[in-house]
There are 2 protein chains.
Amino acid sequence: MSYSVSEVAKMMNVSTYTIRYYDKEGLFPMVKRVNGIRVFEDKDFPWLRMLNCLKNLNLPIKKIKEYVDLAVRGDETLKERYQLILEQEENIQKQIQELQYYKKQIDFKKAYYEKAIEVGTEEAVKDWPNPAATLDVDEVPD
Amino acid sequence: MSYSVSEVAKMMNVSTYTIRYYDKEGLFPMVKRVNGIRVFEDKDFPWLRMLNCLKNLNLPIKKIKEYVDLAVRGDETLKERYQLILEQEENIQKQIQELQYYKKQIDFKKAYYEKAIEVGTEEAVKDWPNPAATLDVDEVPD
DNA sequence: TCTTGACCTAGAGTTAACTCTAACTTTCAA
DNA sequence: TTGAAAGTTAGAGTTAACTCTAGGTCAAGA
């Protein structure tokens, strides 16, 4: 099967502009052209999935491009690509921990507003102790 | 205790430019001035923590400003602020699920590269089945 | 054949969130 | 009291990631 820019855009939940922009930035070095028109194929899907993943992990396009460039160079860069994957594993772990930390704050505020709404004024809860003593999650132990 | 812009910047892990930019955008309507100089106080910390939280949940500054404006209006907006908090609770939940989904992809790639490095070439693993059949996490059931 | 819609490019425009500069004021230790 | 460090403002500049426009090509159905 082969797929047009607009089909791939739909699959990735982005605009056709974005797909062409990614190509301009060199993120699709493997995509075939027929009469100048981009033709995506099933064999390109593993990379589309990976791109979608890295994009949603908030990797900047330049960093994604680095990964593409390594992949293009082939087997000699396997270890470097593995390294990049390990970094992403850590990245995900850190992001999940952060979210769990901020969840505590939000849960606190939720209870806070529930009480405030119940009694009709924020005054009653203004001095409730906040579960997080610091401003930044980096300062939080383990 | 009172704190200068640079002290607050340090606490929030941002530059002094950023603190002044946030103030310019109206995110610190409560901050005192002494001879024109900003003076943050302990009573401002709950809001600094909340700001830090919303910022790290990737809320745009305009949205954070909306929350500030509600807070300034006082008790009449308690329900609206509660609503915003509920949205953030969902937001966090969705983000954690997404990360767990992408973690699967990364774990797959990790095993993929481990094998490829072991045998010395990617060819051996090129056709390994990917655990995620779709491109976008939105399409994933439950 | 002709029109419609999807494709192409180069390059300009937009937006968010900073980031910095210039010119000035305030604070504080020596 | 004076010089450095840190504060102030308005407004310009930067960067990433799109987003769009203009001007063109191409394939397919009426």
Side-chain angles (χ1 to χ4, degrees), chain A residues 1-41 44 48 50-69 88 91 95 98 102 135-136 138, chain B residues 1-41 44 48 50-69 91 95 98 102 135-136:
Chain A
M1 272 293 279
S2 62
Y3 307 86
S4 67
V5 163
S6 62
E7 286 169 323
V8 170
K10 216 163 280 170
M11 285 186 259
M12 294 189 68
N13 264 327
V14 297
S15 70
T16 56
Y17 299 137
T18 302
I19 296 297
R20 295 200 189 94
Y21 164 66
Y22 286 167
D23 195 12
K24 213 185 274 185
E25 293 299 307
L27 302 192
F28 300 133
M30 78 306 251
V31 170
K32 253 192 7 185
R33 297 276 189 143
V34 175
N35 285 332
I37 289 171
R38 292 174 190 83
V39 177
F40 291 80
E41 296 183 310
D44 302 327
L48 291 181
M50 193 61 192
L51 170 57
N52 195 60
C53 179
L54 297 177
K55 181 177 100 81
N56 284 289
L57 294 175
N58 299 312
L59 253 75
I61 283 173
K62 273 189 185 170
K63 189 85 185 173
I64 298 178
K65 179 65 173 12
E66 277 174 42
Y67 181 70
V68 171
D69 290 344
Q88 291 326 302
N91 177 13
Q95 283 190 49
E98 265 190 40
Y102 292 121
L135 286 182
D136 196 285
D138 289 348
Chain B
M1 272 296 276
S2 63
Y3 308 86
S4 66
V5 162
S6 62
E7 285 169 324
V8 170
K10 217 163 279 170
M11 284 186 259
M12 293 188 68
N13 264 328
V14 297
S15 69
T16 56
Y17 299 136
T18 302
I19 296 296
R20 295 201 187 95
Y21 164 67
Y22 286 167
D23 195 12
K24 212 186 275 186
E25 293 299 307
L27 301 192
F28 300 134
M30 78 305 252
V31 170
K32 255 192 5 184
R33 297 278 187 140
V34 174
N35 286 331
I37 289 171
R38 291 173 189 84
V39 177
F40 292 79
E41 296 183 310
D44 303 327
L48 291 181
M50 192 63 192
L51 170 57
N52 194 60
C53 179
L54 297 177
K55 181 177 101 77
N56 284 289
L57 294 175
N58 298 313
L59 254 75
I61 283 173
K62 274 188 185 171
K63 189 83 182 172
I64 298 178
K65 179 64 172 15
E66 276 173 42
Y67 181 70
V68 171
D69 291 344
N91 177 14
Q95 283 191 48
E98 265 190 41
Y102 293 121
L135 287 181
D136 195 284

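Proteins come first, then strands; the chains are lettered A, B, ... in the order of their sequence lines, and each starts at number 1.
Between B:Asp23 atom CG and D:dT8 atom C1' there is a gap of 11 Å when expressed in whole angstrom units. Summarising the geometry, the separation between OH on B:Tyr3 and C1' on D:dA6 is reported as 19 Å, rounded to the nearest angstrom.
For the atom pair A:Arg38 CZ and A:Arg20 CZ, the distance stands at 6.0 Å (nearest 0.5 Å). Put simply, NZ on B:Lys55 and CG on B:Leu27 are 11.0 Å apart, with the number rounded to the nearest 0.5 Å. Going from atom CD1 of A:Ile61 over to atom NZ of A:Lys24 covers 12.0 Å, rounded to the nearest 0.5 Å.
Among the atoms of the strands shown, none is found under 4.0 Å from any heavy atom of A:Thr16. The residue B:Arg20 sits close to a base: some heavy atom pair falls under 4.0 Å. B:Val14 comes within contact range of no nucleotide atom at all, as no heavy-atom separation falls under 4.0 Å.
Protein chain A touches strand DNA chain C; the 5'-most and 3'-most nucleotides with an atom under 4.0 angstrom of its non-hydrogen atoms are C:dC7 to C:dG11.
Of the possible polar contacts, none joining the B:Asn52 side chain to the B:Leu48 backbone as a donor-acceptor pair under 3.5 Å is found.
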Checking B:Gln95 against B:Asn58 for the side-chain contact (heavy atoms from CB on, under 4.5 Å) test, could you report, in this order, the C-alpha distance in whole Å, the side-chain angles of both residues, the deciding distance, and whether it holds? CA-CA 11 Å; B:Gln95 283 191 48; B:Asn58 298 313; 4.3 Å; yes

Could you give me the CA-CA distance, side-chain angles and deciding distance for B:Asp23 and B:Arg33, then say whether salt bridge (Lys or Arg N to Asp or Glu O under 4.0 Å) is met? CA-CA 12 Å; B:Asp23 195 12; B:Arg33 297 278 187 140; 3.4 Å; yes

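The nearest heavy atom of DNA chain C to B:Pro60 and to B:Tyr17 marks one nucleotide each, and the one closer to the 5' end goes with B:Pro60. If B:Ile37 and B:Lys62 are placed on DNA chain C by their nearest nucleotide, the residue sitting closer to the 5' end is B:Lys62.
Residue B:Asn35 places no side-chain N or O under 4.0 Å from the OP1 or OP2 atom of D:dG7.
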